[in-house]
Q: 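Please read through the structure below; I'll follow up with questions.
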Amino acid sequence: MMFKILLAISLPLSMMVFIFSGRARRNSIFLLIGLVVTFIASYVNLWLGYLPVSDIYYVSNIGPIVEEILKAIPILIYAFIKKPERQDLLEGGLSVGLGFAIIENVTYMIRFADRISLLAALFRGLGAGMLHGLTTMVVAFGMSFITSKKKLFFVGTLTFMSIAISFHSIYNMLVQSKFQIIGFLIPIVTFITILIIFKKHSFE
Amino acid sequence: MSKYFICQLIACAIAIIAFVYSVVHLLKKETPLYQRIIMWSVGSFLLYAIVSVINSLVFPVKELETNVSFISIFGCFLALFSANYGGMDRVVSDAPSGKKFPSIIALIVDAIFISMLVMIYFVWKDVQYITGICFIISYIPILPAVYYNVKHLLLPVDELEILKRNRGINILSILLYVSFIFYAITLVKCDVLLPGLCCIVSACIVMGIVILAKKGIYRW
């Protein structure tokens, strides 16, 4: 089922690659990569699902590690090969994360559509979308030192990867609990806060 | 509410204050890289505190269970290492004579910390082996971090004013590592109040680091 969903969504979106140019093309390629990464993550999670842990434990602790590492790989390859500017890396990270969130949300809605209210779908769409976009952007920020301060590249990437994994884990724990609304609101509030801070300050 | 959970809540509250303080005072264009990296480490510590609290809140309280908070604390120590290695060591590397002695002492201190990590392994191996291994892996960044903290503490300060400014941060960083190692050992051996107090002490030390980092900017 996942592969059919991937085809149905990625094929129309792939037309952007042929029409857009420059930055828009690059970001649409990253969006498509994000869609593919979800597909790969679903198989990795399926394989690791045989570990002797409860589903809740897996979703809260192991799932975030798997997903954040897989999402970071395309950005890491881009950072090594092209050594891009920070803004380009952040846009790429956001695009991969959003692509990931698209497939994840669609799969979730197909499975639970009859049980989910419109409000829940809204929160799920915004919350999961901003979470994945934000966490990959955070990791991309850590990788942005590859051009400016090479000594910080490795530790920066790992530090921000750990931040992204922890944030993702907090979200997953909360949305499985009775504090679901707080879970959905956290990435939305964080995203808006970071956007305001980024507009106010420019980072070198 | 268990005593341990109350201690986690207090530590989390202190961590939130420390992070907000660091964002207000350190998140500026003119802030040196060293202080910005300190801010990242405080952010990582805050996430560690939040993950610990939420884990206790959402799931049945299992103090000995592994969870993602290990990754957060790994990030915190890694950031403290990178502050000294990436942010500070290139300034210091132009430096003074007599660099060998601080490096040798730093290596000896590293050896002491390695023995502490080995102690963590022996304390945990018969209780919950995996959790012990997770503690050790997440504490590995302490080793390079403490090396640079000790080295920068011992380098002659009259030749590099900046080393004098950061003395307090280096001392508090070392105390932070010790408090976390103490936490890992007491979690198995003692009543949960002692590891809970370690959480609070760690949060207070992080608050101290942030305050000193802010003071350091104006003297940079």
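Chain naming here is simple, since letters A, B, ... match the order of the sequence lines and numbering starts at 1 in each. All values reported here derive from a predicted model rather than from experimental measurement.
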Q: Are side-chain heavy atoms of B:V68 and A:M173 found at a separation under 4.5 Å?
A: no
Q: For a quick test of reading the model, state the closest non-hydrogen atom pair linking A:I163 to B:S44 and the distance between them.
A: CG1-OG, 3.5 Å
Q: Verify the neighbour count for atom OH of B:Y129: are there more than 12 heavy atoms of other residues, nucleotides or ligands below 6.0 Å?
A: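 Open.
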Q: For the atom pair OG (A:S162) and CG (B:L47), what is the distance rounded to the nearest 0.5 Å?
A: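 Result: 8.0 Å between the selected atoms.
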Q: For A:S166 and B:S72, work out which heavy atoms get closest and say how close.
A: OG-OG, 2.6 Å
Q: Can you say whether A:I62 sits under 4.5 Å from chain B via the side chain, the backbone, both, or neither, judging by heavy atoms?
A: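 The answer is neither part of A:I62.
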Q: Is there side-chain contact between A:F179 and B:I54, with heavy atoms separated by less than 4.5 Å?
A: no
Q: Can you tell me how far the CZ atom of B:F70 sits from the CD1 atom of A:I165, to the nearest 0.5 Å?
A: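 With rounding to 0.5 Å, CZ (B:F70) is 14.5 Å from CD1 (A:I165).
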Q: Could you tabulate the donor-acceptor pairs under 3.5 Å formed by side-chain atoms of residues 39-52 of chain A, not counting sequence neighbours?
A:
from	atom 1	to	atom 2	distance (Å)
A:S42	OG	A:F39	O	2.6
A:N45	OD1	A:Y58	OH	2.7
A:N45	ND2	A:A41	O	3.3

Q: Nearest 0.5 angstrom please: B:L78 CG to A:M161 CE, how far?
A: 11.5 Å
Q: Is B:F77 in contact with chain A via its backbone, its side chain, both, or neither, using a 4.5 Å heavy-atom distance?
A: neither
